[in-house]
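Below, read A as the first sequence line, B as the second, and so on, with proteins coming before strands; counting in each chain starts at 1. Just so it is clear, the values below take in all heavy atoms, side chains as well, and ignore hydrogens, waters and symmetry mates.
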Amino acid sequence: MTPSIPLVIIGILIILGGPLIFHLVLASSSSYTVPPSVLLLGPDNSGKTSLMTLFERGANPSKTHTSQIAHSVELNASTDSDTKASFRNYDDATGTHTKFLLVDTPGHGKLRNVSMGKLARTEKVKAVVFMVDAAALGEQETIAPTAAYLYDVLLFLQKRASSKGKDKASIPVLIAANKMDLFTALPAAMVKSHLEVELSRIRASRSKGLLDSGVGIDDVGSEEQDGWLGEYGSDKFTFQQMNEFDIDIDVLAGSVLTEEPGADKWWWWIAQRVVG
Amino acid sequence: MLDAFEVLTTSGVVVWSRTYAPVSPAIVNNFIADTFIEEKNGSIAPTDSQSAATNPAYRSDQHTLKWTFVKELGLIFVVVYRSLLHLSWVDKLVDNIKTIFVQLYGDQLTKPHTTLVECHSFDEYFDQQLRELDRSSNIGTISPIEEEEVPSNGQQSAPGLTYRGRTLNGGGAGTQDPVSTDSTPIPTPDASRPSTPGNLVVAKAGPVAKMSRRARKAQNSSSAPVSSGDESLTSSRQKKGAKATKKGRKWNAEGFADEEDDSLQLDYSQPNRASESETEAVGRSSALDAVESSTWGSRSKGKFILKDLGDEVHDILASAEAEKAEKAARAESKTGLLGSGVNTISGLFRNIVGGKTLTKADLESAMKGMEDHLLRKNVAREAAVRLCESVEKELVGVKTGNFESINAKIHSAMESSLTKMLTPTSSLDLLREIDSITSPPVTSLRKARPYVISIVGVNGVGKSTNLSKICFFLLQNKYKVLIAAGDTFRSGAVEQLAVHVRNLKELTAREGGQVELYQKGYGKDAAAVAKDAVSHAAQEGYDVVLIDTAGRRHNDQRLMSSLEKFAKFAQPDKILMVGEALVGTDSVAQARNFNAAFGSERALDGFIISKCDTVGDMVGTLVSLVHATNVPVVFVGVGQHYSDLRNFSVKWAVGKLLSSN
Ligand SMILES: Nc1nc2c(ncn2[C@@H]2O[C@H](COP(=O)(O)OP(=O)(O)OP(=O)(O)O)[C@@H](O)[C@H]2O)c(=O)[nH]1
Ligand SMILES: [Mg+2]
């Protein structure tokens, strides 16, 4: 009995194609249910990793050191009732929960492209928490790099919002002013105004600065408006100006290490964005 | 004695630590930044699992850090001790601890989306090792000042028992998943939950309230007493059969005899607590302890378990040793069998489809190709080798993705290696920096002064041209600039600058920039001329001083040594070195010598790469320069006009370097 040629071909196809298809099915199924993410960005030593461990453990953040890689933890957010406003109830099994990933990123300047890459590539980003060390923000050495980083993040979000493409939801930003337990800490209102002043300055100097290598003189005309953060041509930058691009920015004070003021306000903010 | 021992992940979480003396977190942070992120001193990326003896010790002011690294788990083991001490056994301790820790808890670290590692019982293993290796000092009397671990868990099983419980742990005692974390016994959330009954009011008024403010401030220290206080309370509640008991049991039910665990746990934490808590807390806990031990356990039992532990540790170490030997043997035999059919074919298949675990042999030919590619882009061999080595280290043992070829994998790994190398730790915003010096914020109490930039480099690379370009940029932004003719050596240099100044004046007169030349002719000491120029600028209200210097061969001892005096006299805010994009093999030595020429206090602040327009994609020189010095590239020159100066873009450079031609 000799098998017919079509049969042989089908046989070969099954033998070769079967594993391939199986492989594809397996590969796609894993990425099928991506939970929403909340990104933790901010300069080094601002307390991002501490906050992540605090939320995961419910109390007592772990001791931390400089992060070299991004790392995420899975958490449950719920906005059922006001009693859930604290992350300490994260293990309360009543009511509805939304699973999400809190993604911690490294703040070191040399690893900036890792963190910005996370921002660009993470799927379903519900919110960005930009953490700053409010206790050190009064110093020039801290506020300058902090604001420069924030500028890049906001500019990225602005470009993302104004690029017309897929129906992308806007990403709200929380500026988490950490380390309020320290006596040098600036209150939230001052963190906000200091950052706005510094961002205005950066915006001004970037508009006057040298072009980047690789950018031709001819491209300038179109680039200029794109590279401007907030309301074009305005003198002072305010976070308010980002509303025009559908980006809400809140500044909330807190502290990872102490119960007062604690991190509840941040948690509630995050929970609302994740669930909502 | 040691100051601290820490086990931390590359994501920055300390999973286990022991502290004997307060160590500023900044010390370990700097160690990580210098060794792992910035790879200072051109040291190549840390090698996987190398012994602590081979890894270069990291020294800070008074401390020495010895370390080892397990790549696939992203785990760093680091010990901190006073540099004055010569502890011969420390390397061995780090290595052994690594082996034991990985053996016991390694599988927990591979779980995604969590930072929790249940390794509380590691204390006993650590103590055992320390006791064994450090026979010279009697550890028994020294107890750690505080337990700075992950929240101590009340119902955690006792150290010796955890060994038996290990499989349990690995098998998923359910401590990893945050959903089931409610079964993880974390005492404090309990305590702070407002709904919990009155009993807890006592708990809060206990150690927490009584603790000195200082102790509370010391980060995390609050966690230790709180938890130990709660620990005892939890167990007392347990006996009363209070609500919380359920919780404890639920977890322990997956394990075994919970009562026994508790008694032992209390036994062990007793010495620590006594050494750190207030008398009241001690009183309470020891009273409890008495009850506990009389009820269930005795110290002798604990000791018995400890002895077991010693055996266990030796087993672990021995089997790890054997495994290593076996691996080596297997690797040897493998090379002999490399051609064997099935292996090769499935390897080829996976190579196309992806999902292959890469070995050194797989990478070899592709890596060679990458190295040649970099050399063709004019990257110095030394730098190319370093980059390829770090990429190879990153990739060995990694699985390729779906339908991802080895070449694609190498390409993307090289892209991130190059990006990391070329990205500066802090980016330069020149205008911003000038402003903060020339008009400092009122609160800073600093006096306004001119901002000083000096330009150095070998002969003929375009120092004066690039200085003029920077000047043009500053003039466009309406700064008042003084150019100082610091080249008092080469005839014609001063006149050349004068021509530039005249051109610049003409070009920018309309825009309101002001520029003058400061010169004292030839033969004068350049450092003195620079110093005079700076004080002249301060008097006349200039914003910026740009100092040109004489070109010098980097191996010209006499001229190079004068740079140190120059830096002292002129006190430049920025020293920029001009390097030619064209320069060949010499670039590494040039950059190193210039970077070292300013004495121990000062180094280069950045490079200007000139004549980038003449080399097309072959911009490898800038990689060599950064590799040699860790100094970032800030500007690139791209043409003959004053306006042909650009901010350095890492993306642009990486794109050119990796483009095929
Ligand atoms: N006083 C005080 N210190 C805090 C607080 N939050 C965090 N810290 C400390 O700040 C330091 C840095 O915290 P990390 O969480 O490691 O900072 P990070 O933002 O992850 O830093 P990178 O990983 O380098 O980006 C740690 O020593 C924390 O103990 C706080 O609320 N108050
Ligand atoms: Mg971190």
Side-chain angles (χ1 to χ4, degrees), chain A residues 20 23-24 27 44-45 49 52-53 56-76 88-93 99 101 104 106 108-114 138 140 144-145 148 181 201-202 204-206 208-215 217 257-259, chain B residues 8 10-14 17 25 28-29 32-33 36-38 74 113-116 148 150-151 177-179 181-182 186 188-189 192-193 219-220 223 227 353 355 402 419-420 423-427 429-432 436 441 444 473 477 612 635-636 638 645-653 655:
Chain A
L20 258 171
H23 185 89
L24 282 179
D44 55 330
N45 211 39
T49 311
M52 177 180 71
T53 61
E56 184 179 30
R57 285 158 178 71
N60 298 333
S62 152
K63 202 173 154 187
T64 61
H65 288 299
T66 308
S67 309
Q68 301 168 54
I69 56 165
H71 191 91
S72 54
V73 300
E74 199 175 88
L75 299 169
N76 283 310
R88 284 174 227 288
N89 292 315
Y90 71 107
D91 54 352
D92 180 352
K99 204 180 263 184
L101 291 178
D104 177 38
H108 194 279
K110 241 181 162 17
L111 303 173
R112 195 54 43 87
N113 83 305
V114 174
Q140 189 60 38
D181 52 305
R201 234 180 245 156
I202 292 170
S205 83
R206 290 228 181 151
K208 293 185 293 182
L210 290 165
L211 295 174
D212 274 359
S213 52
V215 177
I217 300 276
L257 289 195
T258 53
E259 300 230 340
Chain B
L8 60 141
T10 43
S11 54
V13 177
V14 177
S17 72
V28 177
N29 283 345
I32 294 170
F36 290 85
I37 301 178
E38 294 179 27
H113 306 321
T114 180
T115 64
L116 293 168
E148 283 193 296
V150 220
D177 188 348
V179 188
T181 319
D182 65 335
I186 295 172
T188 319
S192 44
R193 208 168 282 171
Q219 36 173 329
N220 279 344
S223 77
S227 49
V353 176
N402 305 316
T419 306
K420 186 175 164 194
T423 305
T425 301
S426 56
S427 56
D429 185 346
L430 189 61
L431 298 183
R432 174 90 195 74
S436 76
S444 74
F473 165 59
N477 283 295
C612 275
F635 299 127
V636 294
V638 294
L645 187 70
R646 295 284 181 276
N647 269 330
F648 174 64
S649 148
V650 176
K651 217 170 135 197
W652 164 83

Original post:
Is there a donor-acceptor contact under 3.5 Å from the side chain of A:His65 to the main chain of B:Ser11?
Top reply: no
Subject >> Pair B:Thr425-A:His108, side chain to side chain contact (heavy atoms under 4.5 Å, CB included): steps then yes or no >> reply: CA-CA 7 Å; B:Thr425 301; A:His108 194 279; 3.7 Å; yes
Original post:
Given a strict heavy-atom distance threshold of 4.5 Å, which part of A:Thr49 is in contact with chain B: side chain, backbone, both, or neither?
Top reply: side chain
**OP:** Counting only heavy atoms closer than 4.5 Å, note whether A:Asp44 contacts chain B via side chain, backbone, both or neither.
**Re:** neither
Subject >> Option passing side chain to side chain contact (heavy atoms under 4.5 Å, CB included) with B:Lys420 (candidates A:Val114, A:Asn113, A:Leu111) >> reply: A:Leu111
Original post:
Tell me, side chain or backbone of B:Leu645 under 4.5 Å from chain A's heavy atoms, or both, or neither?
Top reply: both
Original post:
In Å and rounded to the nearest 0.5 Å, what is the CD to CG distance from A:Glu56 to B:Leu116?
Top reply: 4.0 Å
**OP:** Could you tell me which of B:Val638, B:Val28, B:Leu430, B:Ile37 has the largest number of non-hydrogen atom pairs under 4.5 Å with chain A?
**Re:** B:Ile37
Original post:
Less than 4.5 Å apart, any side-chain heavy atom of A:Arg57 and any of B:Thr115?
Top reply: yes
Subject >> Closest approach of B:Asp429 to A:Ser205 (non-hydrogen atoms, all atoms of both residues) >> reply: OD2-OG, 2.9 Å
Original post:
Could you state the interatomic distance from NZ (A:Lys110) to CD (B:Glu38), rounded to the nearest 0.5 Å?
Top reply: 6.5 Å
Subject >> Closest contact, heavy atoms only, B:Phe473 versus A:Lys208 >> reply: CE1-O, 3.4 Å
Original post:
Out of B:Val650, B:Thr419, B:Val636, which one racks up the most heavy-atom pairs below 4.5 Å with chain A?
Top reply: B:Thr419
**OP:** Name the member of B:Asn29, B:Val13, B:Leu431 that forms the most heavy-atom pairs with chain A at distances under 4.5 Å.
**Re:** B:Asn29
**OP:** First locate atom CG of A:Leu211, then atom CZ of B:Arg646, and finally report the distance between them rounded to the nearest 0.5 Å.
**Re:** 5.0 Å
Subject >> Atom pair NZ (A:Lys63) and OG (B:Ser17), whose distance is rounded to the nearest 0.5 Å >> reply: 4.0 Å
